[in-house]
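Only one structure is covered here, and it is reproduced in the block below.
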2 protein chains.
Amino acid sequence: MRKTEQRACILEALREGPPHSAADEVHRRVRHKLPGISLATVYRNLDLLSRQGLIRRLGGHGGRRRYDAVREAHGHFWCLACGEVEDIPFTFPQPEIDMTHPWMKGRVVYVASTDLQGLCPSCAEKAAAEQKD
Amino acid sequence: MRKTEQRACILEALREGPPHSAADEVHRRVRHKLPGISLATVYRNLDLLSRQGLIRRLGGHGGRRRYDAVREAHGHFWCLACGEVEDIPFTFPQPEIDMTHPWMKGRVVYVASTDLQGLCPSCAEKAAAEQKD
DNA sequence: GTATCTGCAAAAGTTTTGCAATCCA
DNA sequence: TGGATTGCAAAACTTTTGCAGATAC
């Protein structure tokens, strides 16, 4: 993997910007430094970096794929209604998965996370209000 | 939520078909029973069912959103190269998250999962081969 | 009876790709 | 120099939405 200014700036933008950014958000931020950078380059690099395990790729429950520069295992809360992702802000014991299990043979594991999915407070409130109607 | 034949068949297809199906796959399978069902209906129902917590919505690392009829907490392995998702086939202690923590107040949690991401054996092999070239 | 649900078709949104030019090693 | 990388534009793919008619309760 070569060193290019675009790639460096993308990584920097992901690290310094808000967590769980989508490609278009990263693109918008990188443009401040590199006005000419194309969205395709951002996509290509986010994909490349995540395949190398340098960043974390999040699902995209909201339709858009999101990326996370934090590689340490941590928890996420996905809201199914608004699509937002939040880090779970308190610590809890991470599950211990037996990496020596035969099924793991040949696999490369970059990151682990514990994900909860449900409704965030404001969406839960809206949902409850609709029930009443 | 009303009871419709379409909805019932979609749920059935998700339960009986291969796990982690995407909307178009569910649609293809449901068509066997309900040839006239539209893809839009499948999308609408998968979304609705997941918001009610009846099924689980997976991220869509491969671009497509996937759904899972298994609601019990379990682990997934996502391959970043080919986009496939597999259930981790052995059990391990699930993390204990303090649901009484103040941050959890107001949230509705439907399901929890532990996700690993990396490369599956065949993609890991390919990646290693490319390194050598 | 009425709000929900469906099918259709169009629109919207997101990601990938072909290609020629450019850049890094 | 040679292969990796980029920008641009088009294409591909996935998901959502408006609407009129059908359906469940």
Side-chain angles (χ1 to χ4, degrees), chain A residues 1-11 13-14 20-28 30-31 33-52 54-55 57-67 78 80-85 127 129-133, chain B residues 1-11 13-14 20-28 30-31 33-52 54-55 57-67 78 80-85 127 129-133:
Chain A
M1 199 164 63
R2 280 186 192 166
K3 192 189 290 184
T4 67
E5 196 173 9
Q6 287 90 336
R7 183 130 62 224
C9 289
I10 288 168
L11 197 51
L14 198 61
H20 315 137
S21 298
D24 58 312
E25 297 166 335
V26 174
H27 182 228
R28 186 153 27 81
V30 173
R31 265 181 197 247
K33 258 200 168 174
L34 266 44
I37 195 172
S38 79
L39 182 56
T41 296
V42 173
Y43 270 104
R44 275 190 284 238
N45 277 295
L46 289 174
D47 185 52
L48 192 60
L49 289 166
S50 70
R51 286 188 193 211
Q52 305 286 104
L54 272 62
I55 61 175
R57 188 158 114 186
L58 304 182
H61 283 243
R64 280 143 89 216
R65 203 174 269 168
R66 291 166 181 283
Y67 293 85
W78 294 88
L80 291 174
C82 64
E84 285 307 305
V85 198
E130 280 173 19
Q131 290 290 324
K132 279 182 205 154
D133 294 346
Chain B
M1 199 166 61
R2 280 185 192 166
K3 191 188 291 185
T4 67
E5 196 174 8
Q6 287 88 337
R7 183 129 62 226
C9 288
I10 287 169
L11 196 51
L14 198 60
H20 315 134
S21 299
D24 59 313
E25 296 166 334
V26 174
H27 182 229
R28 186 154 26 82
V30 174
R31 265 182 197 245
K33 257 199 168 174
L34 265 44
I37 194 172
S38 80
L39 182 56
T41 296
V42 173
Y43 270 105
R44 274 189 284 238
N45 277 294
L46 290 175
D47 185 51
L48 192 59
L49 289 167
S50 70
R51 287 188 191 211
Q52 305 285 103
L54 271 63
I55 61 174
R57 189 159 113 186
L58 306 182
H61 282 243
R64 280 144 88 217
R65 204 174 267 167
R66 292 166 180 282
Y67 293 85
W78 293 90
L80 292 173
C82 63
E84 286 305 305
V85 197
E130 279 172 22
Q131 291 289 324
K132 279 182 205 155
D133 294 347

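In what follows, chains carry the letters A, B, and so on, assigned in the order in which the sequence lines appear, proteins first and then strands, with residues in each chain numbered from 1. Not measured: the values here are computed from a predicted model.
Distance, R66(B) CZ to dT15(D) C1': 15 Å, rounded to whole Å. Here dT6(D) presents its C1' atom at 17 Å from OH of Y43(A), a figure rounded to the nearest Å. Between R7(A) atom CZ and dA4(D) atom P there is a gap of 12 Å when expressed in whole angstrom units. Put simply, CD on E25(A) is 14 Å from P on dG13(C), counting in whole angstrom units. Per the geometry, CD1 belonging to I37(B) stands 7 Å off P belonging to dT6(C), to the nearest Å. When rounded to the nearest whole Å, the span between CG of D47(A) and C1' of dT16(C) equals 10 Å. Distance H27(B) NE2 to dC13(D) C1': 16 Å, rounded to the nearest Å. When the C1' atom of dT16(C) is taken as reference, atom CG of D24(A) falls 15 Å away, rounded to whole Å.
For the pair R65(A) and dT16(C), the criterion of a side-chain N or O lying under 4.0 Å from OP1 or OP2 is met. In this structure, Q6(B) does not reach the dT23(D) phosphate: none of its side-chain N or O atoms is under 4.0 Å from OP1 or OP2. Applying the 4.0 Å criterion to OP1 and OP2 of dG7(D), one finds that S38(A) has a side-chain N or O inside that range.
Side-chain atoms of Q52(A) never come within 3.5 Å of backbone atoms of L49(A) as a donor-acceptor pair (strictly under, hydrogens ignored). Under a 3.5 Å cut-off, the side chain of R57(A) and the backbone N or O of R51(A) do not form any donor-acceptor pair. Between the side chain of D47(A) and the backbone N or O of Y43(A), no donor-acceptor pair lies under 3.5 Å. In this structure, the side chain of H20(B) does not engage the main chain of L58(B) through any donor-acceptor pair within 3.5 Å. Under the 3.5 Å distance criterion, the side-chain polar atoms of T41(B) are left unmatched by any main-chain donor or acceptor of I37(B).
Nucleic acid contact class of N45(A) (heavy atoms, under 4.0 Å, all strands): sugar-phosphate only.
Across S21(B) and L14(B), no two heavy atoms sit closer than the pair CB-CD1, 4.2 Å.
Here the rule is side-chain contact (heavy atoms from CB on, under 4.5 Å) with I10(B), and of T4(B), V42(B), L34(B) only V42(B) fits it.
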Which letter, B, S or -, goes with each nucleotide of nucleotides 18-25 of chain C from 5' to 3', with contact meaning a protein heavy atom under 4.0 Å?
B----BBS

